[in-house]
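Worksheet: the structure to be examined is printed underneath.
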There are 2 protein chains.
Amino acid sequence: MPGLERLHRRDTRLDSYVDRYAARAHGMTASAIRALFAVANRPEVVSLAGGMPNITDLPLDVIGSIIGDLVVENGRQAMQYSSGQGEQPMREAICEVMKLEGISAHPDDVTVTVGSQQGLDLVTRLFCDPGDVVICEAPSYVGALGVFRAFQCEVVHVAMDDYGLRPDALAEALVALHAAGKRLKFLYTIPNFHNPAGVSQTLERRTAILEVATRADLMVVEDNPYGLLGFDGEPVPAMRSLDDERVVYLGSFSKTFAPGFRVGWVLAPHAVREKLVLAQESATLCPPAFSQYAITAYLANYDWRGQIKVFREMYRERRDAMLAGLAEDMPAGMSWTVPGGGFFVWVTLPAGLDSQAMLPRAVTARVAYVPGTAFYADGFGSRHMRLSYCFPTPERIREGTRRLGEVLQYEAGVLETFGTAITDDGRAELRPYEAPGANQA
Amino acid sequence: MPGLERLHRRDTRLDSYVDRYAARAHGMTASAIRALFAVANRPEVVSLAGGMPNITDLPLDVIGSIIGDLVVENGRQAMQYSSGQGEQPMREAICEVMKLEGISAHPDDVTVTVGSQQGLDLVTRLFCDPGDVVICEAPSYVGALGVFRAFQCEVVHVAMDDYGLRPDALAEALVALHAAGKRLKFLYTIPNFHNPAGVSQTLERRTAILEVATRADLMVVEDNPYGLLGFDGEPVPAMRSLDDERVVYLGSFSKTFAPGFRVGWVLAPHAVREKLVLAQESATLCPPAFSQYAITAYLANYDWRGQIKVFREMYRERRDAMLAGLAEDMPAGMSWTVPGGGFFVWVTLPAGLDSQAMLPRAVTARVAYVPGTAFYADGFGSRHMRLSYCFPTPERIREGTRRLGEVLQYEAGVLETFGTAITDDGRAELRPYEAPGANQA
């Protein structure tokens, strides 16, 4: 069949597959800060960059014995294929967990996922064609922005304040997007202990956002990995508890138990749930049965509510260490949010400083953070950084803020002496929404 | 903001989300045979339909103690986030496993996935835009067809014979697709103990297929879940062992150990591997660390090669029971493949019988199978059925073929008495490839 050779491509490039990738793969490139984080993982660097939960308080003896018994007594089920939707006892236990945030749900409406990351991947896969718009907070979770990019969505950021997403900015954005003829698919929001902003929506704020969403018939994807890790009082009711038809809810055991099992879930209206299960079967056949059995056994045989309290107190101590360190070590002209739970503080630098440009110097000074630009789809964020207090000990956190303070003192001094080439427009700490085409009007 | 109400859609449909799904979701509908399989799972039905491995021979005491110890000794790593690529010790162990089929690979080129199903999902996500062509065997794995449909690929089936995919038919298809201006992305093939066809490619056949692929510069995705479950002699070298640049290899522990951990992998050329890791991070952040640690510990502390031999002998006995049952119970005019390993026999019915139409009657007679149409993207396959011998005991298999024989005797008798409305074109058991537009030439 001599005709075949005509089909042959030249094969001299480094990546001989480069002509073959799908359009969605072109956005998949390793970020420049990735290489830097390999350095940041060295033990001498205090990393305030990662979002890994600290699971050292988990009782390994007890869990080892629970899981060992599980294998002996029920291994043939636990090591077999699961259903695409996830095992019934797991979904029942998930409904119990969600009750703590005011959610009344039926196990039939829960789909188990490979962490809540996969929940968001499946929801986006189900709803988003290339070019569809997803509304996100400004800033938003870096992993969510990665999913939206992978499905070639257009992300529109909407401003937050100290109580989270601003309903007035959301309404304004919706009208502008509608006028621009955009295909809008959903609002993605993190109401509790926002990653990276560290702020939370009050109940009144949630109600107001849902009111805007209802008026515009906007679907809401509520991502809630940290909701049970609040430091003060009872959890605020989940958005899903206020509207069970409009809200698709993402949950996770990664922060309330442990991430290594990769068990998250989606709670969705029935019709959506049916399609989610089909999408899950296509993506993985089924989520890991073993992980589900292990977590179900842990929940049934251990005081998991007490364990969450232990986690909360541990994270509160770390949050306090970070806030004390920031107050003591930061130069003038900086501000930061005060998280009531979760893992993160969002820092705003004085005008003229660039968190991304200074990251290599910070790592040289043996402290790491994530530059704010990672949390925007549009290049904004260079005056911000995310600091996480979840993983290092309070002592290491204080050492970290000390080192960071020195780097920032130096940067601020350079700026004062030499000025900056950066044109700063004086925009506020949490970016206001800009209506598309506003300048042309 | 009164303008918002104008955006509101009518909300009176059963699925109020129906207008919002992405184009790719429109193909996601539950198949008609799904409801039937809920019935087929009743204990009184002999199911020759499922592809679940039989893991009753696994030593639960030993595994329980291995995994319990793992939690106590190394739980803080095993329950933490993994890297997106998967843990280094797991990838090293995977390379050891692949050596058994002649593959020499570096752990850096392995990406751990949530079962090999997710491996195929990620590869397809990386390479396929809507309308791109994937070449599959005729028939092909139902789960793979689901992935290709989810990414809106066009599937072109190429004929097999008793030695698997036919290189001449592949070459003919490539020329025709090229002439038709199609964007061709890869060949998806299962060289060992094909699901559903039950046949295997000889070494000569693999070489010939790769020669055609090389001449046309075609990427090959080799799916090999059953390769170590052969009943006769040594494994045939994997296609990947013959070409390490052209072949992307999918492996899995689901059949050689247990599926409930959902650990599979992709072995890919370096540039592709880099993008696979980014795709994995977007899809799940990382595959489950716990599953990887558990399997690594099992491989290190148990005679897993011996366990695979135990599995092989168990499946061989079941294969023998099925072949004996078919020989004894089937009416004249039927034929079937003789698998040298794996889980499946592919059955061809006499002209005029329809495996999909008769499935409800078979389930009423308390035996289930998968109709051949499930394994074609184009509606072909009604004269075929897949019978699996992996899960039921030999006694149940014999009972199943007896019941199936009675159903087929009855169907054949009806056909003889009344004839059939179905126009049968006398096409051979394994469908020959038809070049697009051949009739117009």
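Just so it is clear: chains get the letters A, B, ... in the order the sequence lines come, proteins before strands, and each one is counted from 1.
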Relative to chain A, which segment of [X] carries a heavy atom at a distance below 4.5 Å: side chain, backbone, both, or neither?
| X | answer |
| --- | --- |
| B/S82 | neither |
| B/T113 | neither |
| B/E245 | both |
| B/R149 | neither |
| B/K185 | side chain |

If you count heavy-atom pairs under 4.5 Å between each of B/T56, B/V147, B/D61, B/I63 and chain A, which one has the most? B/T56
Counting only heavy atoms closer than 4.5 Å, note whether A/F148 contacts chain B via side chain, backbone, both or neither. neither
Proximal component of A/P287, with respect to chain B [non-hydrogen, under 4.5 Å]: backbone
Side-chain ion pair, B/D217 and A/R20, N-O less than 4.0 Å: yes
Check whether A/Q117 reaches the backbone of B/C286 with its side chain - one donor and one acceptor, N or O, closer than 3.5 Å. no
I need the A/D129 CG to B/Y21 OH distance, nearest 0.5 Å. 13.5 Å
Give the member of A/C128, A/A279, A/P59, A/A179 that has the highest number of heavy-atom pairs under 4.5 Å with chain B. A/C128
Based on non-hydrogen pairs under 4.5 Å, which of A/A294, A/P259, A/A258 is most in contact with chain B? A/P259
I'd like to check B/I67 versus A/F290 (side-chain heavy atoms, cut-off strictly below 4.5 Å). Are they in contact? yes
